[in-house]
Amino acid sequence: MQQIFDDIRGDFRYDHELNGCLNCGICTATCPSAQFYDYSPREIVQLLWTENVEQIYDAMQEKIWACAQCMTCAARCPFKNSPGGLVAIMREVAIKHEMQSAKDVLRPFGRVMLKLITTGNQLSPDMIQPDHFPDWGPNIQKVEGDLRILRKAIPVKTLQTVETAWEVSLKTSVEMYTIWEMTGVLKSLELMDENLFDVIEDFIDEKREDYEDWLEEQEEEDDE
Amino acid sequence: MSEQTPGNHNQNGEGAGAGTMKPGFHNTDGQGIAGHGSFFQATDLSKEDAIKATDWVRKHVDRRTVDLGDRMDDVREHMYELEKDGQIIIHRIEDQHEPISVNTLFGWEKKVPTKQLWHHKSCGQCGNIPGYPTSLLWFMNKFGFEPGKDYLDETDQTSCTAWNYHGSGIGNVESLAAVFLRNFHQSYVSGKQHGHELGHFFPLVHCGTSFGNYKEIRKYLVESAELREKVTKILGKLGRLVDGKLVIPEEIIHYSEWVHVMRNRIASELQTIDVSNIRTTSHVACHYYKMVHEDAVYDPSVLGGNRTAIITSTAQALGAQVIDYSTWYDCCGFGFRHIISEREFTRSFTMDRKIRVAREEANADVMLANDTGCVTTMDKNQWIGKAHNQNFQIPIMAEVQFAALACGADPFKIVQLQWHASPCEDLVEKMGISWDEAKKTFQEYLKEVEAGNIEYLYNPELAYGGKV
């Protein structure tokens with residue numbers, strides 16, 4: 001428990017995000033999540049400010065995931081605290097410590113993470129379909145037609161894609177994987193969802209092979 | 001007039017002097033309102049004095065004045081020092097970018113380049129609301145910008161990855177910084193393959209979250225030598241250092257800032273439709289002006305400088321009616337993770353706090369925004385409201401889409417309103433454009449697309465590094 005608090009406090013952003021707290025509550029007054037959840041940015045700041053280790057741990061079991069990360073709290077705070085920024089640090093630490101709350105919350109988010117890590121885009125047209133979002137209604141597009149053709153009708157070449165928001169070159173994707181690996185993001189993902197990690201690793205291996213082939217082809221062309 | 005003056009409460013209370021409160025002095029005499037002690041007494045000001053006092057408060061307290069002085073270090077000053085020390089290279093905004101200066105919340109001057117722009121796309125906009133980038137590129141063409149010289153849209157870029165980070169916590173400062181530097185290095189060198197000098201194209205960030213995230217990360221990079229050292233290793237491995245140094249742009253520029261500085265040219269040179277009968281409300285993205293808020297653009301001529309100028313300034317320039325509403329400061333309810341897995345929060349917040357208020361208080365014809373998450377949230381969640389007798393509807397789009405409509409752009413081919421779930425039809429008709437005609441034309445065009453006859457805003461080969 002103490003280690004979790006030490007990890008939060010050890011983040012180099014901590015001193016930026018927490019400067020003091022008068023308990024004035026202006027952050028909570030304008031917080032969207034405070035209106036719908038048992039969540040208060042004021043409480044988060046107070047727990048950290050008073051170093052209430054046990055309750056910090058409790059808050060990380062559920063509450064921190066309610067934050068909408070809009071940063072309204074940060075813009076309002078007279079002390080220049082950023083409760084939303086502190087929550088971001090706490091979420092990272094929850095992942096690092098393999099907390100169940102993080103695993104539970106991230107499961108439905110897996111599709112976005114898969115898309116992001118394998119394509120370099122986070123959202124794609126094939127995700128925004130009525131089957132996936134029944135509450136968005138039957139007319140989430142105003143024109144009937146095949147998605148592929150509708151995308152081709154966008155007069156920008158890079159956007160004429162269905163599985164990615166825009167076309168990302170192979171080299172760019174491979175560079176992205178290097179960043180994920182070198183910064184420990186893939187390792188974090190493995191801690192959270194091993195199955196998703198395995199699927200992603202297969203994608204990465206395949207793309208890296210494709211890239212190697214492409215490089216070889218380029219060299220051969222240059223030699224000719 | 002009463003003798004009561006501000007800071008002089010309860011002069012007659014035992015033990016209480018001017019502006020002080022007796023310890024343990026609570027509401028025991030039945031005076032005061034719940035939550036306040038009896039030391040709160042009616043001021044008994046005359047109407048004129050009350051107005052005078054309120055005006056004083058508004059002027060000094062309630063107003064987000066443009067010039068707040070030296071409250072915070074200007075990150076750019078530190079960047080210039082790092083550059084002088086030979087630690088980084090600043091991708092500068094030069095005269096060739098034809099910048100226009102604006103003021104930020106803290107009164108700092110920010111140069112907004114108007115030309116030679118590298119379009120840093122938004123995964124949300126491109127995947128979901130493609131009318132943002134198409135309207136923006138359409139405007140650039142309308143101003144006679146030459147693709148490949150005055151702007152570039154290419155495949156060599158990724159998302160900033162911040163949506164995932166804010167939604168899931170998967171990611172970290174190092175990964176966000178490496179992605180930022182990778183993408184902006186590409187912007188710095190992208191002109192080379194088209195025969196231009198390094199730094200020819202300056203990045204124009206389409207997404208509000210990318211804009212906020214990049215600015216936050218830039219601050220951390222400038223401040224932390226340790227972070228710079230870590231990401232230098234990564235960028236080195238990727239071959240994305242210049243002379244062994246990191247490249248950081250002088251300014252982070254959001255597309256709506258470009259629209260803001262171009263608004264008068266848009267209105268005077270391109271506008272073809274009178275929109276003075278259109279009631280507009282604005283929703284500015286939280287990550288535009290609440291994150292790194294010192295850098296957001298304010299203008300005293302737009303709502304007295306009390307709110308960020310973005311979006312409202314464009315509606316004003318086009319001659320539309322600008323209507324305010326009480327929940328202007330609220331977020332849209334997107335929540336990053338919430339829109340995927342806690343949709344009840346997202347749709348309740350957007351319907352109760354935004355759509356209903358904009359409809360009831362402002363009777364708005366349209367709500368204009370400048371970020372994907374906001375448009376997605378407020379656009380897509382209206383249908384389900386009917387299940388709760390929340391029959392409030394309002395078209396939602398970006399200000400650049402609205403501006404394009406006002407300048408005669410095709411609602412389908414260019415503004416791409418076919419992807420919106422909100423009721424755009426009435427707005428378009430009110431602007432004097434026939435929705436049915438435009439739809440018919442577009443459906444005919446889809447047959448052409450199927451046959452391979454596709455219209456482009458620029459030579460598609462440019463996206464792959466090909467020549468103009």
Side-chain angles (χ1 to χ4, degrees), chain A residues 12-13 30 32 36 68-72 74-75 88 91-92 94-95 102 105-106 108-109 112-113 116 120-125 128 133 135-137 139-143 145 149 152-159 165-169 171-172 175-176 178-180 182-185 188-189 192, chain B residues 121 123-124 126-128 130 133-134 137 153 155-159 161 163-164 166-172 174-175 178-179 182 224 234 237-238 286 290-291 293 330-331 333 335-338 340-341 343 345 349 380 383-384 413 416 418-419 421 442 445-446 449-450 454-457 460 463:
Chain A
F12 83 103
R13 292 168 289 173
T30 50
F36 283 84
Q69 290 283 289
C70 64
M71 304 298 167
T72 304
R91 287 178 179 176
E92 273 189 47
I95 289 167
V105 155
L106 297 189
F109 209 72
V112 173
M113 289 194 283
L116 171 70
N121 281 177
Q122 298 178 107
L123 186 80
S124 59
I128 316 290
F133 295 91
D135 55 334
W136 286 3
N139 298 317
I140 61 175
Q141 283 155 213
K142 291 186 189 298
V143 174
I149 297 296
K152 287 273 181 205
I154 301 171
V156 172
K157 180 64 186 172
T158 51
L159 272 54
W166 69 79
E167 193 179 333
V168 177
S169 72
K171 173 175 171 268
T172 309
E175 284 186 41
M176 188 71 134
T178 306
I179 292 175
W180 294 134
M182 290 183 77
T183 56
V185 175
S188 298
L189 190 68
M192 286 297 99
Chain B
K121 295 185 287 285
C123 51
C126 297
N128 186 24
T134 49
L137 289 169
D153 166 45
T155 60
D156 195 352
Q157 58 180 272
T158 71
S159 143
T161 75
W163 178 28
N164 173 69
H166 285 291
S168 74
I170 292 278
N172 51 49
E174 211 180 314
S175 71
V179 171
R182 196 223 81 91
S224 170
I234 300 170
K237 184 161 184 182
L238 299 178
C286 292
K290 294 176 189 167
M291 273 177 89
H293 52 275
D330 271 346
C331 85
F336 298 89
R337 180 182 64 86
H338 299 65
I340 300 291
S341 54
R343 297 225 286 279
F345 163 80
F349 197 86
K380 306 292 188 198
W383 181 82
I384 192 68
K413 283 183 173 178
Q416 296 276 316
Q418 61 272 25
W419 304 96
F442 182 67
Y445 173 60
L446 286 177
V449 171
E450 208 154 2
I454 302 172
E455 295 171 12
Y456 288 101
L457 283 167

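The structure presented is a predicted model; accordingly, all values stated were derived computationally and were not measured. Values reported hereafter were calculated over all heavy atoms of this structure, with side chains retained and with hydrogens, waters and symmetry mates removed.
Between His166(B) and Phe336(B), the ring-plane angle classifies as tilted under the 30° and 60° cut-offs. Relative ring orientation between Phe442(B) and Tyr445(B) is described as tilted, the plane-to-plane angle lying within the 30° to 60° band. Ring planes of Phe109(A) and Trp163(B): perpendicular class, angle over 60° (limits at 30 and 60°).
Put simply, of Lys171(A), Met192(A), Glu167(A), Arg91(A), the one with the most heavy-atom pairs under 4.5 Å next to chain B is Glu167(A). Across Lys121(B), Lys413(B), Glu174(B), Glu450(B), the residue that shares the most heavy-atom pairs under 4.5 angstrom with chain A is Lys121(B). Highest contact tally toward chain A, considering only Ser175(B), Gly171(B), Ala463(B), is held by Ser175(B) [criterion: heavy-atom pairs under 4.5 Å]. Comparing Thr161(B), Val179(B), Val449(B) by heavy-atom pairs within less than 4.5 Å of chain A, the highest count is held by Thr161(B). Interface summary for chain A: among Ile170(B), Thr134(B), Ile384(B), Asn128(B), the most heavy-atom pairs under 4.5 angstrom belong to Ile170(B). When the candidates Ile179(A), Asn121(A), Thr30(A) are compared by the number of heavy-atom contacts under 4.5 Å with chain B, Ile179(A) comes out ahead. Considering only heavy-atom pairs separated by less than 4.5 Å from chain B, the leading option among Val105(A), Thr72(A), Leu116(A) is Thr72(A). Comparing Gly333(B), Cys123(B), Gly124(B), Cys286(B) by how many heavy-atom pairs each has under 4.5 Å with chain A, the most go to Cys123(B).
For Lys237(B), the part lying near chain A is the side chain, with the backbone staying farther off; criterion is any non-hydrogen pair under 4.5 Å. If you measure heavy-atom distances from Ile454(B) to chain A, the contacts under 4.5 Å come from the side chain alone. Interface remark: Glu455(B) contributes backbone atoms only to the contact with chain A (heavy atom separation under 4.5 Å). Interface remark: Val112(A) contributes side-chain atoms only to the contact with chain B (heavy atom separation under 4.5 Å). At a 4.5 Å heavy-atom cutoff, the contact between Ser124(A) and chain B is made by backbone atoms alone. For Met176(A), the part lying near chain B is the side chain, with the backbone staying farther off; criterion is any non-hydrogen pair under 4.5 Å. Residue contact with chain A, scored on non-hydrogen atoms closer than 4.5 Å, involves the backbone and the side chain of Leu446(B) alike. Arg337(B) touches chain A through backbone and side chain together, each having a heavy atom under 4.5 Å away. Only the side chain of Leu137(B) comes within contact range of chain A, with at least one heavy atom under 4.5 Å from a heavy atom of that chain. Both the backbone and the side chain of Ile154(A) come within contact range of chain B, judged by heavy atoms closer than 4.5 Å. Interface residue Ile149(A): backbone and side-chain heavy atoms are both found under 4.5 Å from chain B.
The minimum heavy-atom distance between His293(B) and Ala75(A), with the atom names listed, is ND1-CA, 4.4 Å. Here the shortest heavy-atom pairing between Lys142(A) and Ala421(B) reads NZ-O, 3.7 Å. Across Ile128(A) and Gly127(B), no two heavy atoms sit closer than the pair CG1-O, 4.4 Å. In terms of heavy-atom proximity, Gln416(B) sits nearest to Pro155(A) at NE2-CD, 3.8 Å. Closest non-hydrogen pair, Ile95(A) versus Ser188(A), comes out as CG2-CB, 3.9 Å. Contact detail for Cys126(B) and Ala165(A): the closest heavy-atom pair is CB-O, 3.3 Å.
Between the side chains of Gln122(A) and Ser159(B), a donor-acceptor pair is found at a separation under 3.5 Å.
When atom types are taken as modelled, the side chain of Trp166(A) and the backbone of Gln157(B) share a donor-acceptor pair closer than 3.5 angstrom.
The line from CG of Leu106(A) to CG of Leu189(A) is 8.5 Å long, rounded to the nearest 0.5 Å.
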